[in-house]
Amino acid sequence: MFRSATTRKRRDFLRTGIVAAAGSMLGLKVTKGGVGAPAIKSKTLRPVAISSGNGLAATEKAMEIVFNGGDCLDAAVAGVKIQEDDPEDTSVGYGGLPNERGVVQLDASVMHGPTHRAGAVGALENIRYASEVAKIIMERTKRVFLVGKGALEFARMYGFKEENLLTEQARSLWQYWIENRSKFDDYMTPTESLDDIPEQLRYFIDTGGTINLNVLDTHGNLGGCTTTSGLAFKIPGRIGDSPIIGAGLYVDNEFGAAGSTGLGEVNIQTCASFLVVEEMGRGKTPTDACMAVCQRIVERTKVGYLWRDGRPAFNVNFYAINKRGEFGCASILSGSQYAVHDEDGARHMDAAYLYERG
Ligand code: GLY
């Protein structure tokens with residue numbers, strides 16, 4: 001097939017590792033929902049980053065690292081840290097919504113395709129970079145999953161700074177929840193109508209929050225990371241799917257990478273991200289694999305989370321890439337978007353879905 005001189009030149013840059021030029025192209029503006037970043041044209045190397053809708057900047061950061069020859073997992077963690085730092089994202093890291101006692105407890109996992117190793121952390125308090133703690137567990141120990149006090153002590157040992165993660169915004173949303181959750185408790189209920197739910201809470205209820213980011217790098221390796229403050233106002237100690245390898249994240253360097261956001265319990269009960277990757281291994285496209293697992297979850301969910309007519313009253317979203325750099329996303333309910341950054345630049349796209357919301 002004919003390839004232009006420009007295309008050949010760009011591919012050669014990637015192959016020889018002289019990719020600073022490509023990296024600097026990432027300085028180009030990426031607009032919400034639009035294309036603005038680099039167009040690396042290559043048929044043999046198709047690096048791509050795919051993320052939940054809150055991860056557009058994260059995919060941009062990840063691809064900057066990838067285009068400079070970096071590793072898939074280094075790229076994924078550097079990307080999600082942008083959301084862990086963002087006080088406006090009430091589903092991740094600093095600014096995440098707390099548990100029912102007002103304490104922010106974070107969950108995260110990483111998985112590295114080339115070594116098939118994983119790290120995870122659960123119910124971590126006072127440390128904003130749960131993703132990085134998970135990565136250090138993977139890199140520096142023979143273990144996979146640390147939780148609670150032990151995870152905090154581990155993070156301290158590796159020099160992580162402790163801080164109060166509860167922002168004023170998250171505290172006031174928690175207070176709102178406490179005052180509105182029941183008519184039979186000690187608190188006056190200031191809000192009578194559900195229409196009055198603060199926008200950030202409505203967003204959280206609708207989308208579930210969390211960030212998952214999966215990366216295929218220029219070496220053809222896959223890595224992924226999922227990080228979250230978990231279900232808002234959860235029972236203290238509740239751990240969702242995000243730090244559970246196979247549920248909220250799974251990577252197989254032969255087949256693909258997948259991760260999830262949304263209601264974690266149903267993902268845990270179906271080993272959902274593992275199943276998405278397995279479906280890709282059996283030949284399904286990433287979107288079809290994500291749809292098949294959404295369908296499986298709906299079929300298996302018999303108790304709780306259902307409307308009277310049997311329709312799901314919850315949502316999960318899956319984000320997947322295969323070894324060839326094809327990507328896809330599907331949700332149980334309509335209305336979700338995801339972020340992707342590939343040779344056509346960074347953009348938001350609509351997820352495939354099973355049911356119309358509402
Ligand atoms: N999927 C995030 C959670 O359920 O905690």
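A quick note: this is a predicted structure, and the numbers were derived from the prediction, not measured.
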Run the side-chain contact (heavy atoms from CB on, under 4.5 Å) check on V121 and I137 step by step: do they pass?
CA-CA 8 Å; V121 67; I137 292 169; 4.3 Å; yes
Apply the test salt bridge (Lys or Arg N to Asp or Glu O under 4.0 Å) to residues D342 and R347: give CA-CA distance (whole Å), side-chain angles for both, the deciding distance (0.1 Å), then the verdict.
CA-CA 9 Å; D342 63 359; R347 60 212 181 269; 2.8 Å; yes
Apply the test side-chain hydrogen bond (donor to acceptor under 3.5 Å, both in side chains) to residues T228 and T210: give CA-CA distance (whole Å), side-chain angles for both, the deciding distance (0.1 Å), then the verdict.
CA-CA 5 Å; T228 187; T210 303; 2.8 Å; yes
Worked check of side-chain hydrogen bond (donor to acceptor under 3.5 Å, both in side chains) between N180 and Y187:
CA-CA 8 Å; N180 283 281; Y187 296 92; over 6 Å; no
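Ion pairing of R171 with E168 is present here, as a side-chain N (NZ or NE/NH1/NH2) and a carboxylate O approach within less than 4.0 Å.
The local environment of NZ in K61 is sparse, with at most 12 non-hydrogen atoms from other residues, nucleotides or ligands closer than 6.0 Å.
Residues D89 and Y94 have side chains that never bring a donor and an acceptor to within less than 3.5 angstrom of each other. Judged by distance alone, the side chains of T261 and N317 do bring a donor and an acceptor atom under 3.5 Å apart.
Relative ring orientation between W177 and F233 is described as parallel, the plane-to-plane angle staying below 30° on a 0-90° scale split at 30° and 60°.
With a 4.5 Å cut-off on side-chain heavy atoms, L56 and E60 do not count as touching. S51 places none of its side-chain heavy atoms less than 4.5 Å from the side chain of Y319. Between I65 and V215, the closest side-chain pair of non-hydrogen atoms is not below 4.5 Å.
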